[in-house]
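Contents: one structure, followed by commentary.
Position 1 is the first residue of the sequence; numbering continues from there.
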Amino acid sequence: MIEKIKDPICGMEIDTTKAIKLTQDGLIYYFCNESCRQKFLKQSSTEKFAIFESKTMYTCPMHPEIKQDKPGDCPKCGMRLEQKAAPAGEEDNKETRMITRKFWIGLILTVPIFLLALGEMIQALSLKAFVSSDLSRWLQFILATPVVLWAGNIFFVKTWKSVLNKSLNMFTLIAMGVGAAYGFSAIAILFPNIFPESLKQHGEIGLYFEAAAVITVLVLIGQLLEAKARNRTGQAIKALLGLAAKVAHRIRDGKEEDVAIDQIQKGDLLRVRPGEKVPLDGIITEGKSTIDESMISGEPVPVTKIEGDRVIGATVNQTGAFVMRTEKIGSETLLSQIVKMVADAQRSRAPIQKLADQVSGYFVPIVLGCAVAAFIIWSIIGPAPALAYALISAISVLIIACPCALGLATPMSIMVGVGKGAQSGILIKNAEAIEKCERVTHVLTDKTGTLTAGRPQVTTIITANGWDEKSLLSIAASIEQNSEHPLARSVVDYAKERGYKLASVDNFQSITGGGVKGKVNGKAVLLGKQKFIEDNGISLLDELKNKSEELQGKAATIVWVAVDGQIVGILGISDPIKRTTPEAIRVLHKMGLKVVMLTGDNEKTARAIAKELGITDVYAGLEPKDKQEIVKKLRSEGAKVMMAGDGINDAPALAEAEVGVAMGTGTDVAIESAGITLVKGDLNGIVKALRLSRGVMRNIRQNLFFAFIYNALGIPIAAGILYPFLGLLLNPMIAGAAMSFSSVSVIGNSLRLRKLKL
């Protein structure tokens, strides 16, 4: 099929086989004439790259530096190029259907070839009573020709491209082995008299049509399984894309209308009813509900959301209706970012891939040398007919040495592992992060928003005699509703959640660094720090003062409340430890990792949190540069550092660490600086990420073992090393089966990662 593409300069549609081709910086360009090529060369690198960024790109999973804006095969390894930043789609399905068709037709034609050849080798299965020897040989030729030249033509095309690109690959070996077996046999049928008598057995030249056909079908099985496996690795992205809502209920000018998602703009108000998907990312402005975020975070427990809370597009609203203000649309949404990160990571390369690349670079020439050596040795010292034995050995070496399993070992594990991570709320930026994650020795974590919820909450209420909790909270929340301080917000939210009514405030004043005061229902109210209350001439109750000191020792901030000159109670406000943090810290310690807390908070609060969690190493009162310096210091001492954080102040340390882990609830700059992002935003995600990295790297090593062991054992056996001792010479068909089985082993082993328990 002729592939068409547009010239990037003039836009003319051209035939790629006749176009002027230019490879630059790993990118492939096609031009209709030399003039367009020259104009293109004068453009800047940014302008050149922009041409490709605006088009659908295809890249090789084994060689990501290969990029082009049309489907095709990798010029280095011959593998089918995959669409970049997109799940397996129509192009992949088209390839799968094509290979499937070739496989089944090839199999139907190969079965009779195999039976005819088997009858000649095993007398008990001979078909000579029905088919003469001459007819059998001609039938094998007729049936094998479409199998090799039509069903197997994809291997010969890839081989020709590998020769043109001076990059011999696994298809080079396949085509040479199959071509030699078929070519030799075809010449023996068409021109039998040109062969010397030394090659003949019982007056006839030995044929290898069955080997050529069976090998072709076996390789097609491997290619088909590989294509289907690549489609399955795209299911994680497909599933994520399928989560997105298609329609939203927009509120405009007091009226509600149903509009398509792509028509929603930032700032639009959207109503979300029970049972519906949240359309886009935004903030609740009215109402409250519980939302099932498991499809993105992997956590099954619904999350309660109230006014001011963020909601994520594609999650499912459960119990209540609410109105939200849209903050992110299109590619800005978390779902879109997840899809992009997963797609990019699946096509990235782990450093361990360099080992396979280095081996592959020398592998093909070495195998060709082994095949030639086997042929020469057998032709000189082999038994009669020596040339027949020599040919069998050479063909077997070429076929069994196919390095496709070696090439698939790393990319398959990475693709499946990244998809598994995405389904569990672990977004991996690149394969390098997976490999580095496995070697981590120290986990450094910020406190606020990482170990703790990152949102102050009222955790303790202690009232003076004559006052109850409801009365105290109603007055405190009433005066705090006019303050913009984060602690004030927590008091107001706490009261609203319990349905307490708030009164209006007169003569409101906010004293910086102290507190607030005003009149509520005609009563003079003061609320703030202990010193602020004392400076206003109000005496503290000893009992409450003792309770205050006790709570401060537990990392709580104390707010005093006075009414008409008398203390009426205190509120303990703290940033509570996330429910999942203690267990995650315990598991990290069990995994042999050193956990270190880094925080900008004061020493007393940090120590209190660390003591509760069992963290012994604490650095408090830090600035962003201090966190980065601590990471540098630990790395200089040989530690492999993972840094977890969620704020802008964590970004330098995240970038400095071997592995940066950003909380999905955090800032964009933190997420951009990290190699791994946790959608849920708690330490359990770190535990899962570490288990995932260890599982993926273990899987890669298993795959490399499969690939190396097949070749290490297979090549000598195929060359005939066992013949002098056991009289065993490997048939090319068995070599083809072993080669395909090595690829199937790698693919099957990689797909096991989908069931990895995190």
Side-chain angles (χ1 to χ4, degrees), residues 54 85 240-293 295-297 302-341 427 449 453-456 480-486 488-490 492-493 496-497 502 646-648 651 662-673 677 679-681:
S54 64
L240 288 170
L241 289 171
L243 296 177
K246 305 298 186 291
V247 178
H249 312 301
R250 184 171 62 189
I251 301 173
R252 183 172 287 181
D253 299 328
K255 296 181 180 180
E256 188 175 311
E257 58 179 345
D258 290 350
V259 296
I261 290 295
D262 56 7
Q263 295 181 29
I264 302 298
Q265 300 296 319
K266 289 183 182 179
D268 283 352
L269 295 178
L270 309 176
R271 186 180 304 281
V272 184
R273 302 188 181 104
E276 295 182 338
K277 290 180 179 179
V278 177
L280 295 162
D281 297 3
I283 293 178
I284 295 178
T285 59
E286 179 186 325
K288 63 180 182 179
S289 183
T290 57
I291 295 179
D292 179 2
E293 297 184 337
M295 291 180 292
I296 288 183
S297 68
V303 182
T304 300
K305 301 283 185 176
I306 60 175
E307 288 182 26
D309 283 347
R310 294 184 180 276
V311 289
I312 302 171
T315 55
V316 180
N317 183 31
Q318 291 192 327
T319 57
F322 61 87
V323 176
M324 59 172 283
R325 182 177 68 253
T326 306
E327 288 206 324
K328 294 183 178 180
I329 61 175
S331 61
E332 299 174 344
T333 65
L334 178 61
L335 182 62
S336 296
Q337 291 174 8
I338 290 174
V339 171
K340 184 178 185 303
M341 287 181 71
L427 307 182
R455 186 172 66 185
E480 288 280 49
Q481 67 183 321
N482 292 337
S483 173
E484 294 298 325
H485 196 281
R489 186 75 258 162
S490 67
V492 175
D493 288 344
K496 284 184 175 180
E497 285 175 13
L502 306 186
D646 71 333
I648 293 175
M663 302 299 162
T665 51
T667 61
D668 290 342
V669 67
I671 292 172
E672 186 62 31
S673 302
T677 299
V679 174
K680 187 66 178 177

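The two residues Val272 and Met324 come nearest to each other via the heavy atoms CG2-SD, 4.0 Å. Of all non-hydrogen atoms in Gln318 and Ser289, the two that sit nearest each other are N-OG, 4.0 Å. Nearest heavy-atom pair across Val278 and Ala245 is O-CB, 4.4 Å. Here the closest non-hydrogen pair linking Val323 and Arg271 is CG2-NH1, 3.7 Å. Of all heavy-atom pairs between Lys328 and Thr333, the closest is O-CG2, 3.5 Å. For the residue pair Val247 and Ile261, the shortest heavy atom distance occurs at N-CG1, 3.8 Å.
Under the 3.5 Å distance criterion, the side-chain polar atoms of Thr290 are left unmatched by any main-chain donor or acceptor of Thr304. Judged purely by atom type and a 3.5 angstrom limit, Asp493 has no side-chain atom pairing as donor or acceptor with the backbone of Lys496. Between the side chain of Ser483 and the backbone N or O of Glu480, no donor-acceptor pair lies under 3.5 Å. No side-chain donor-acceptor contact under 3.5 Å links Asn317 to the backbone of Gly275. Under a 3.5 Å cut-off, the side chain of Lys266 and the backbone N or O of Ile329 do not form any donor-acceptor pair.
Annotation: salt bridge (charged side-chain N to carboxylate O under 4.0 Å, His left out) contacts of Glu286 (sequence neighbours excluded): none. With sequence neighbours excluded, the residues satisfying salt bridge (charged side-chain N to carboxylate O under 4.0 Å, His left out) with Arg250 are Glu257, Asp268. Judged as a salt bridge (charged side-chain N to carboxylate O under 4.0 Å, His left out), and not counting sequence neighbours, the contacts of Arg325 are Glu327.
The closest side-chain heavy-atom distance from Phe322 to Leu270 is not below 4.5 Å. Residues His249 and Glu276 form a side-chain contact, since some pair of their non-hydrogen atoms from C-beta on lies under 4.5 Å apart.
Remark: Ile284 CD1 to Ile291 CD1 distance equals 5.0 Å, nearest 0.5 Å. Put simply, OG1 on Thr285 and CG on Leu269 are 5.5 Å apart, with the number rounded to the nearest 0.5 Å.
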task = Start with the C-alpha gap between Ile264 and Leu280, add the side-chain angles, then the distance that decides, and say whether side chain to side chain contact (heavy atoms under 4.5 Å, CB included) holds.
result = CA-CA 9 Å; Ile264 302 298; Leu280 295 162; 3.6 Å; yes

